[in-house]
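So the structure is just underneath, and the comments pick up after that.
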Amino acid sequence: MSNDGNKKQFWKRNAAKVPGSIQHVYGAQHPPFDPLLHANLIKAGNRPPPATPGKPKKATTFQEFESITSDAWDVGDDDDELLAMAAQNLNIEVVMETANKVIENHSKQQERQRQDDTTELERREEDTQEEVAEDEEEDEEEEEYRVGEGDVTSPEVSFASQSSPYTDGRLVKSQSEAPIGSPKDAAGEHAGLHRQRSLPHRPPVIPLVARMADQNTSGTPVMTEREASRLDKFKQLLAGPNTDLEKYIKAVPFNLHGNQFPPSSLHSWNAEELRKLSWSGIPRQVRPITWKLLSGYLPANAERRESVLQRKRQEYFGFIQQYYDSRNDEHHQDTYRQIHIDIPRTNPLIPLFQQASVQEIFERILFIWAIRHPASGYVQGINDLVTPFFVVYVFEYIEEEVENFDVSSLQEEALRNIEADSFWCMSKLLDGIQDNYTFAQPGIQKKVKALEELVSRIDETVHLHMQQYEVEYLQFAFRWMNNLLMRELPLRCTIRLWDTYQAEPEGFSHFHLYVCAAFLVRWRKEILDERDFQGLMILLQNLPTMHWGNEEVSVLLAEAYRLKFAFADAPNHYKR
């Protein structure tokens with residue numbers, strides 16, 4: 001092992017680097033096995049005698065190399081034998097006691113949850129009955145004043161009667177969507193609330209993907225005045241200065257100091273305005289083109305956009321013709337097989353992603369990306385990063401909700417455009433965080449370490465609590481970095497989160513760290529309430545965000561920005 005030649009001989013045998021090869025990923029549920037951490041599972045008397053030292057013969061395979069260097073580790077056997085020994089020597093009573101304790105704790109939590117939900121539902125039903133009674137009294141009084149006149153209803157009364165924000169605890173957009181059924185139906189719907197773990201003091205039913213296409217989670221079915229104003233500002237920015245710089249210079253030739261704007265500063269000024277406006281969320285109507293601009297996929301000049309789109313889309317399908325048929329080649333079989341396995345696991349509860357045509361699109365996107373990025377190849381988790389782009393660009397062609405939309409109803413050209421645009425924007429995203437997916441994933445390891453240091457400074461109590469119960473940040477935060485919190489939040493929240501990530505400089509690589517820190521501290525009370533390792537890990541891997549909407553994401557982003565403002569330019573502040 002003194003030179004590179006020997007290393008290659010020990011570790012590799014007739015193995016060449018293959019573009020797009022699979023890299024091992026250790027997630028929170030399957031961390032690397034550490035013999036030192038599991039030493040207490042092995043009885044001292046069962047340890048095999050150490051190997052007799054001697055001059056090792058020349059090794060030609062990894063297995064031979066491992067067998068002649070077994071005395072280099074504290075434990076004399078390989079991982080499989082160690083695990084077998086540990087399984088044989090586990091104390092069954094301890095295992096059962098621990099399992100029963102975890103089940104009992106969660107049973108108590110579920111019972112408390114059911115009681116809270118029942119109380120909240122009863123309170124809402126009482127409030128609803130009182131409001132109905134008051135409305136009936138008001139209607140009777142109004143009828144007395146309408147004697148001899150036509151039945152005229154004011155816009156306010158009409159709007160209130162047609163679109164109550166919450167009906168039977170469920171988001172509805174119009175009166176036609178309000179549930180009309182028996183008390184049994186209501187009881188069945190309430191039983192579904194417990195399965196979705198809705199929290200008290202929130203609308204009890206917000207399905208996993210419900211209204212993920214709607215920017216507004218308050219239940220208001222029409223655009224508010226503020227939202228309409230923001231949409232107008234977006235349209236002006238997208239169609240104004242960037243459309244024709246010469247016209248803009250004639251229309252707004254001077255800045256506040258009386259000096260004329262140079263064209264380059266106009267371009268950057270307008271881009272900054274677009275980023276600033278997008279930071280607080282992008283309206284659905286303009287989100288597709290805004291994401292393409294902010295990601296760098298589209299040029300700022302509107303006159304060049306169509307030609308660039310056509311060229312990039314043709315280039316992508318050129319890659320398909322050139323590379324996709326090689327997916328069954330020996331060198332690429334493992335890559336394509338892993339992609340083929342992971343695609344059905346992508347958002348399995350959303351019918352859109354279970355359609356065969358959508359899964360084929362995802363397979364092509366991921367395979368072409370892996371072939372063109374041999375340094376990392378395909379890594380599990382990258383499949384999740386396609387979904388927000390795909391959903392946003394589907395909205396460019398439809399008006400209805402997307403979760404049950406049949407993409408086969410779209411024209412072939414539209415589907416091709418969605419596929420190519422999703423590929424290029426995902427590539428732009430991954431270009432900034434590719435060290436997350438190269439060998440040993442150094443980017444993720446650095447970010448997890450930085451997260452640990454940051455949390456130790458902003459909330460030492462939480463940090464020490466997790467240390468007390470031996471919870472390692474890598475055990476839960478690895479997934480947060482690898483999947484950009486997509487496994488922790490509903491898709492509607494991810495899309496809103498990415499509005500800000502696109503607008504924030506280095507949003508996916510740098511700002512994401514502060515979002516993770518704010519996200520962890522957000523659950524401070526729940527973390528401190530857990531008093532064992534199992535409870536903490538179950539909580540951190542199943543955080544109750546099912547009810548989250550734009551309001552919660554906005555608060556999370558505001559806290560993350562505060563942390564960035566305090567620590568980003570002074571990294572020594574969070575180092576001890």
Side-chain angles (χ1 to χ4, degrees), residues 12-27 297 309-348 350-391 393-394 406-408 410-431 433-441 482-484 486-487:
K12 294 185 178 180
R13 189 176 184 180
N14 297 328
K17 288 187 176 181
V18 178
S21 58
I22 298 297
Q23 304 293 341
H24 295 290
V25 177
Y26 294 111
Y297 174 45
L309 278 178
Q310 291 181 2
R311 177 174 58 84
K312 299 296 284 185
R313 288 166 178 171
Q314 291 174 0
E315 185 178 356
Y316 168 72
F317 284 101
F319 294 150
I320 295 291
Q321 294 178 356
Q322 183 178 359
Y323 297 117
Y324 194 60
D325 288 340
S326 67
R327 63 189 183 278
N328 294 320
D329 292 352
E330 183 179 357
H331 291 168
H332 299 150
Q333 278 183 351
D334 289 342
T335 298
Y336 180 72
R337 177 179 174 275
Q338 189 61 53
I339 292 172
H340 190 73
I341 292 173
D342 289 346
I343 293 301
R345 303 172 182 171
T346 305
N347 292 305
I350 302 179
L352 172 71
F353 299 113
Q354 303 310 309
Q355 299 176 33
S357 55
V358 173
Q359 295 184 357
E360 291 172 2
I361 289 173
F362 278 39
E363 284 182 359
R364 289 194 292 268
I365 290 175
L366 295 171
F367 183 77
I368 296 302
W369 187 89
I371 293 299
R372 297 188 71 246
H373 295 80
S376 62
Y378 173 74
V379 176
Q380 289 175 297
I382 295 180
N383 55 306
D384 288 331
L385 305 184
V386 189
T387 55
F389 292 114
F390 184 81
V391 168
Y393 297 146
V394 166
D406 183 7
V407 297
S408 62
L410 290 174
Q411 296 182 359
E412 183 179 355
E413 181 182 1
L415 270 178
R416 288 169 62 90
N417 293 344
I418 292 169
E419 179 177 348
D421 295 346
S422 300
F423 169 80
W424 286 114
C425 288
M426 185 198 74
S427 298
K428 289 284 187 181
L429 184 161
L430 290 172
D431 286 347
I433 58 172
Q434 193 169 356
D435 61 340
N436 284 7
Y437 306 104
T438 54
F439 178 73
Q441 300 180 272
N482 190 63
N483 300 85
L484 298 177
M486 288 194 62
R487 298 288 179 89

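Residues: numbered from 1 along the sequence shown. Only heavy atoms go into these numbers, but all of them, side chains included; no hydrogens, no water, no symmetry mates.
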(message) I'd like to know if Lys428 and Asp431 make a salt bridge, using a cut-off of under 4.0 Å between side-chain N and carboxylate O.
(response) no

(message) Please report the interatomic distance CG(Leu484) to CG(Leu429), rounded to the nearest 0.5 Å.
(response) 6.5 Å

(request) Can you see which heavy atom on Cys425 is nearest to which on Tyr297, and at what distance? (result) SG-CD2, 3.8 Å

(request) With side-chain contact (heavy atoms from CB on, under 4.5 Å) as the test, would you mind laying out the steps for Glu363 and Tyr324 before giving the verdict? (result) CA-CA 10 Å; Glu363 284 182 359; Tyr324 194 60; 3.8 Å; yes

(request) Mark yes when over 12 heavy atoms from residues, nucleotides or ligands other than Arg416 sit less than 6.0 Å from its CZ; otherwise mark no. (result) no

(message) So, taking the atom named CD in Gln354 and the one named CD1 in Ile343, what distance separates them when rounded to the nearest 0.5 Å?
(response) 10.0 Å

(request) Over all heavy atoms of both residues, which pair between Gln380 and Asn482 is shortest? Give the atoms and the distance, please. (result) O-ND2, 3.1 Å

(message) With a 3.5 Å distance limit and no angle check, can you tell me whether Asn383 reaches the backbone of Gly381 through a side-chain donor-acceptor pair?
(response) yes

(message) Quick one: does any side-chain atom of Gln359 pair with a main-chain N or O of Phe353 as donor and acceptor, under 3.5 Å?
(response) yes

(message) Phe367 and side chain to side chain contact (heavy atoms under 4.5 Å, CB included): which single residue from Tyr378, Phe319, Phe362, Tyr336 fits?
(response) Tyr336

(message) Does Asp342 form a salt bridge (Lys or Arg N to Asp or Glu O under 4.0 Å) with Arg345? I'd like the steps, not just the answer.
(response) CA-CA 5 Å; Asp342 289 346; Arg345 303 172 182 171; 3.3 Å; yes

(request) Step by step, work out the side-chain contact (heavy atoms from CB on, under 4.5 Å) result for Trp369 and Leu366. (result) CA-CA 5 Å; Trp369 187 89; Leu366 295 171; 5.7 Å; no

(request) Please report the closest heavy-atom contact between Tyr393 and Ile418, naming both atoms and the distance. (result) O-CG1, 3.6 Å

(message) Donor-acceptor check, side chain of Asp406 to backbone of Ser408, threshold 3.5 angstrom: yes or no?
(response) yes

(request) Inspect the contact between Glu315 and Lys312 and indicate whether a charged nitrogen and a carboxylate oxygen are less than 4.0 angstrom apart. (result) yes

